[in-house]
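Working notes, beginning with the structure itself.
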Amino acid sequence: MSYWLLKSEPDVYSFDKLTKEGKGVWDGVRNYQARNNLRAMKEGDLGFFYHSNEGLEIVGILEITKEAFPDPTFEGDRWSAIEVVTYKPLNKRISLEEIKKTKGLENMVLVKNSRLSVQPVTKAEWNIIIEMSGTDI
DNA sequence: GCCAACGTTGGC
DNA sequence: GCCAACGTTGGC
């Protein structure tokens with residue numbers, strides 16, 4: 001079981017939208033590092049849904065329901081997509097600002113490499129954020 | 001809206 | 001295969 005963090009601009013695709021639609025295809029990733037992370041995901045893995053540009057906070061949890069397949073928005077198999085569903089929203093959203101201030105989270109990829117749109121989260125980081133957010137898994 | 005950080009492209 | 005030029009992302 002691995003943990004992830006996926007970023008989206010809420011203008012383009014928000015956690016609310018995913019929740020309304022039930023499930024979503026995470027496509028359009030055009031970065032190799034991010035793609036490799038998509039390909040490493042297993043069905044049943046959980047990920048944080050982070051709003052970039054606006055909000056700058058983790059808003060909820062999603063679950064990977066289908067492992068990597070060729071990105072339908074691209075001809076060929078160079079890029080990959082996955083399928084996700086809303087797992088549950090966080091009771092309390094966790095902002096980037098808080099993350100930067102929290103011991104144990106200062107080395108998160110989100111902080112160290114803010115441009116990577118699909119990134120791994122360690123179990124320790126995951127647990128801290130879940131705890132802070134007061135969310136029951 | 002600016003700009004730093006990073007990735008990609010293409011000429012040599 | 002190097003690296004300058006350019007494009008994109010995302011925090012501020």
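Among residues at least two apart or in separate chains, side chain to side chain donor-acceptor pair (under 3.5 Å) pairs with a member in residues 10-20 of chain A are A/T19-A/T86. Residue pairs satisfying the ring-ring contact (aromatic ring centres under 6.0 Å, His included) criterion with at least one member in residues 102-121 of chain A, sequence neighbours excluded, are absent. Within the structure, every pair that satisfies the salt bridge (Lys or Arg N to Asp or Glu O under 4.0 Å) test and touches residues 69-93 of chain A, not counting sequence neighbours, is listed here: A/K23-A/E83, A/R30-A/D71, A/E57-A/R93, A/K92-A/E98.
Partners of A/Y50 by ring pair (Phe, Tyr, Trp, His ring centres under 6.0 Å), not counting sequence neighbours: none found. Judged as a side chain to side chain contact (heavy atoms under 4.5 Å, CB included), and not counting sequence neighbours, the contacts of A/K112 are A/N107. Residues that satisfy the side chain to side chain contact (heavy atoms under 4.5 Å, CB included) test with A/L105, not counting sequence neighbours, are A/I99, A/T102, A/M108, A/E125, A/I128, A/I129, A/M132.
Summary for the helix from B/dG1-C/dC12 to B/dC12-C/dG1: the axes at its two ends, each from 5 pairs, differ by 10° when rounded to the nearest 10 degrees.
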Atom pairs under 3.5 Å, N or O on each side, protein against nucleotides 9-12 of chain C: can you list them with distances?
residue : atom : partner : partner atom : Å
C/dT9   : O2   : A/R115  : NE           : 3.4
C/dG10  : OP1  : A/K7    : NZ           : 3.4
C/dG10  : OP1  : A/R115  : O            : 3.4
C/dG11  : OP1  : A/Y50   : OH           : 3.1
C/dG11  : OP2  : A/N53   : N            : 3.1
C/dC12  : OP1  : A/K100  : NZ           : 2.3

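The hydrophobic cluster containing A/Y32, built from Ile/Leu/Val/Met/Phe/Trp/Tyr side-chain heavy atoms closer than 4.5 Å, also comprises A/F74, A/W79.
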